[in-house]
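No hydrogens, no waters, no symmetry mates; every other heavy atom, side chains included, goes into these values.
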Amino acid sequence: MSNRTTIPSSFAQKDCDRVAGLFAQIATRTADTQGVSRPAYSEIETETINFLIDFARKNGLEVEFDAAANALFSLPEDRNAEKYVLVGSHADSVPNGGNFDGLAGILAGLICLVRAREEGRKFARPVKVIALRGEESAWYGPCYIGSKALFGLLGANELGALHKGDQRPLSAHMADSGIDMKPVKAGQKLFDPSRLLAYVEVHIEQGPLLVNKDLPVANVSGIRGNIRHKAITCIGEAGHSGAVPRAYRRDPVLAMADLFTRLDDDWDTILQKGDDLVLTSGVVGTDPQKHAIARIPDSISFSLDVRSQDVETLDSMRDLLRAHMRIVERNRKIRFEMDDELSVAPALCDADIVAGISAAMRRLGYEDYVMPSGAGHDAAVFANNGVPTGMIFIRNRNGSHNPHEAMEMDDFMAASSVLYDYLTFDDGAA
């Protein structure tokens with residue numbers, strides 16, 4: 001990559017080589033037909049975490065598991081700390097995804113622990129690194145599963161969500177991973193959140209801002225919330241494509257297109273007002289057992305993902321969706337059936353942590369760039385449940401949730417340097 005702003009990290013070349021080797025080995029171990037696939041609550045996810053455990057123990061770190069089967073790593077002297085800063089991200093990936101989404105945050109935390117142990121350094125406050133399970137929604141529909149489980153936030157609908165492959169419920173896969181599901185189903189917290197002094201997550205940026213601004217790292221101000229539907233079904237009436245005139249059609253495909261045209265107009269209006277919104281339908285399809293080129297389909301199903309940093313905007317879009325559905329139903333003589341909504345509230349990063357990360361960036365010579373996160377992260381769950389939260393973004397070309405993620409190691413080491421400086425200097429320690 002040419003014309004890139006790069007400032008040498010505070011880590012040694014051996015640290016960069018060590019982490020590059022870990023990324024490469026995990027990519028090989030979890031390779032799919034394209035990219036990598038680390039399904040949530042699968043043997044592959046478990047094997048990935050076990051690989052990280054082997055690395056941690058070989059480098060003198062302590063390892064433990066929480067009640068949600070997330071792995072925790074620490075310096076020996078911090079294993080039994082009453083209160084601590086939690087650093088980490090998720091071990092799973094989307095199907096045929098990139099190798100850096102999630103994994104970069106875990107390895108950034110681990111290399112900070114290894115460096116502190118080798119240098120005999122103490123962090124300003126005790127630190128633990130977590131490898132979370134099940135952040136991605138691609139496998140079951142619900143997202144942030146590993147972090148929600150810790151806070152007792154997994155409801156019956158989420159636990160009953162079916163795996164996209166084997167159609168077994170999430171609760172069964174979690175049980176297979178060794179989790180005692182009784183407290184999870186009862187909505188009990190699986191840990192004491194008051195022990196957390198902060199949660200800090202390093203993550204690749206999943207958009208183009210840092211690439212376009214030629215910056216290796218950024219400080220995150222907040223995370224978009226979302227309302228999601230895994231499958232909304234539009235039900236019409238089947239017919240012959242050549243024999244049914246327009247006036248007599250009850251075409252669910254055109255009805256869906258009508259609905260999305262209306263929602264797209266709302267999106268444009270909201271942006272023109274200066275408010276924040278993104279809207280996506282990533283799964284669309286007619287019934288493959290019945291659809292044909294010469295047949296008006298009787299139904300079509302589609303997903304919906306609406307995101308904003310503003311709760312009022314999300315509430316408005318929910319109301320607009322239902323209002324538009326009623327109009328389209330009346331005009332096109334079809335019917336919409338909605339599944340249960342999945343939602344996550346927007347989350348603001350803690351002002352003191354944002355200030356502390358900014359100070360670390362300036363001490364290391366990086367531009368103090370602060371930006372919001374359009375994508376969701378486990379950090380949102382911690383922030384919305386009273387844990388002071390911050391995030392550090394790494395420049396990454398080609399977006400994410402695809403096999404072409406292109407994070408470079410010097411940018412990863414830059415983000416790890418910011419994290420290490422924050423944890424050791426820690427403006428928020430007082």
Is it true that a side-chain atom of N396 and a backbone atom of A406 form a donor plus acceptor pair closer than 3.5 Å?
yes
Evaluate the side chain to side chain contact (heavy atoms under 4.5 Å, CB included) criterion for residues L153 and N385: first the C-alpha distance (whole Å), next the side-chain angles of each, then the deciding distance (0.1 Å), finally the verdict.
CA-CA 10 Å; L153 298 175; N385 285 277; 3.5 Å; yes
Verify whether one side chain among S308 and D310 offers a donor that lies under 3.5 Å from an acceptor in the other.
no
Could you tell me whether K14 and D17 make a salt bridge, using a distance below 4.0 angstrom between a side-chain N and a carboxylate O?
no
Polar side-chain atom of R79 near backbone of V63 as donor-acceptor pair, under 3.5 Å:
yes
Side chain to side chain contact (heavy atoms under 4.5 Å, CB included) between L113 and V127, intermediate numbers included
CA-CA 8 Å; L113 291 180; V127 173; 4.2 Å; yes
Mind checking whether H229 and S303 have side chains closer than 4.5 Å, heavy atoms only?
no
In Å, rounded to the nearest 0.5 Å, how long is the span from CD1 of I204 to CG of L210?
11.0 Å
Could you check if a side-chain atom of F123 sits within less than 4.5 angstrom of a side-chain atom of V85, using non-hydrogen atoms only?
no
To the nearest 0.5 Å, atom CZ of R228 lies from atom OG1 of T280 at 9.5 Å
Between D350 and I353 (side chain of the first, backbone of the second, donor and acceptor by atom type, cut-off under 3.5 Å), is there such a pair?
yes
Is it the case that S74 and E62 place a side-chain donor and acceptor less than 3.5 Å from each other?
no
For C143, is there any backbone N or O sitting under 3.5 Å from a side-chain donor or acceptor partner on E136?
no
We want to know whether S416 and R115 form a side-chain donor-acceptor pair, criterion being a heavy-atom distance below 3.5 angstrom.
no
Hey, what do you get for CE (M338) to CG (L304), rounding to the nearest 0.5 Å?
7.5 Å
CG of L419 to CE of M391, rounded to nearest 0.5 Å, is 11.5 Å
Do V278 and W267 have side chains that approach each other closer than 4.5 Å (heavy atoms only, starting at C-beta)?
yes
Test side chain to side chain contact (heavy atoms under 4.5 Å, CB included) applied to I53 and F51, step by step
CA-CA 5 Å; I53 289 172; F51 176 81; over 6 Å; no
Any chance the side chains of H90 and D92 put a donor and an acceptor closer than 3.5 Å?
yes
Ring of Y84, cation from R195 - is the NZ or CZ under 6.0 Å from the centre and inside 45° of the axis?
no
Apply the test salt bridge (Lys or Arg N to Asp or Glu O under 4.0 Å) to residues K230 and D340: give CA-CA distance (whole Å), side-chain angles for both, the deciding distance (0.1 Å), then the verdict.
CA-CA 8 Å; K230 190 175 181 180; D340 292 323; over 6 Å; no
How far does CG of L132 sit from CG of L72, to the nearest 0.5 angstrom?
8.5 Å
Consider side-chain contact (heavy atoms from CB on, under 4.5 Å). Of D378, D66, V381, which one does L150 pass it with?
D66
Tell me, do S221 and C349 make a side-chain contact under 4.5 Å, heavy atoms counted?
no
Can you see whether S358 engages N219 through a side-chain donor-acceptor pair at a distance of less than 3.5 angstrom?
yes
Taking atom types as modelled, find out whether S89 and E201 have a side-chain donor-acceptor pair closer than 3.5 angstrom.
yes
Heavy-atom neighbours of K83 NZ exceed 12 at 6.0 Å:
yes
Stepwise salt bridge (Lys or Arg N to Asp or Glu O under 4.0 Å) check, D276 with R224:
CA-CA 9 Å; D276 177 63; R224 281 179 174 139; 2.5 Å; yes
So, N96 side chain and Q34 main chain: donor-acceptor pair closer than 3.5 Å or not?
yes
Minimum side-chain heavy-atom gap R121-Y420 below 4.5 Å:
yes
Between the side chain of Q206 and the main-chain N/O of S400, is any donor-acceptor distance below 3.5 Å?
no
Scanning both residues in full, the closest heavy-atom pair of A175 with M181 reads CB-CG, 3.9 Å
Dump the intermediate steps for ring-ring contact (aromatic ring centres under 6.0 Å, His included) on Y140 and H173, then the final yes or no.
CA-CA 10 Å; Y140 302 94; H173 284 272; 5.6 Å; yes
Mark yes or no for whether E45, through its side chain, and I49, through its backbone, hold a donor-acceptor pair below 3.5 Å.
no
How about W139 and V94: do any of their side-chain heavy atoms sit closer than 4.5 Å?
no
V87 vs I130, side chain to side chain contact (heavy atoms under 4.5 Å, CB included): CA-CA, chis, key distance, verdict
CA-CA 6 Å; V87 173; I130 189 167; over 6 Å; no
Return yes if a side-chain donor-acceptor contact under 3.5 Å exists between S301 and T233, otherwise no.
yes
Before accepting this row, confirm whether a basic side-chain N of the pair K213/E367 lies closer than 4.0 Å to the acidic partner's carboxylate O.
no
Looking at Q188 and V184, would you say the former's side chain and the latter's main chain have a donor-acceptor pair under 3.5 Å?
no
Over 60° means perpendicular and under 30° means parallel, so tell me whether F382 and Y199 are parallel, tilted or perpendicular.
parallel
Determine yes or no for a side-chain-to-main-chain donor-acceptor pair under 3.5 angstrom, with S42 supplying the side chain and A40 the backbone.
no
Verify whether one side chain among H401 and D101 offers a donor that lies under 3.5 Å from an acceptor in the other.
yes
Are side-chain N/O atoms of S281 and D305 paired as donor and acceptor at under 3.5 Å?
no
Check whether any side-chain heavy atom of Y41 lies under 4.5 Å from a side-chain heavy atom of D176, and answer yes or no.
no
Kindly determine whether D266 and R262 satisfy salt bridge (Lys or Arg N to Asp or Glu O under 4.0 Å), including the steps that lead there.
CA-CA 6 Å; D266 295 333; R262 294 167 186 269; over 6 Å; no
Using modelled atom types only, decide if a donor and an acceptor are shared between the side chain of D275 and the backbone of L271 within a distance under 3.5 Å.
no
Between K128 and E77, is there a salt bridge with N-O shorter than 4.0 Å?
no
Ignoring hydrogens and angles, state whether a donor on the side chain of T30 or R38 is under 3.5 Å from an acceptor on the partner side chain.
yes
Please say whether more than 12 non-hydrogen atoms of neighbouring residues, nucleotides or ligands are located less than 6.0 Å from CD in E43.
no
Do the charged groups of D214 and R395 touch, with an N to O distance under 4.0 Å?
yes
Report yes or no: do T46 and R133 form a side-chain donor-acceptor pair below 3.5 Å?
yes
Determine whether the aromatic ring centres of F412 and F23 lie less than 6.0 Å apart.
yes
To the closest 0.5 Å, what do you measure between CG (L263) and CG (L277)?
9.5 Å
Applying salt bridge (Lys or Arg N to Asp or Glu O under 4.0 Å) to K148 and E135, what does each step give before you reach the verdict?
CA-CA 9 Å; K148 282 183 177 178; E135 189 263 2; over 6 Å; no
Could you check whether atom CD of E119 has more than 12 heavy atoms from other residues, nucleotides or ligands sitting under 6.0 Å from it?
yes
Any side-chain heavy-atom pair of L259 and M325 under 4.5 Å
yes
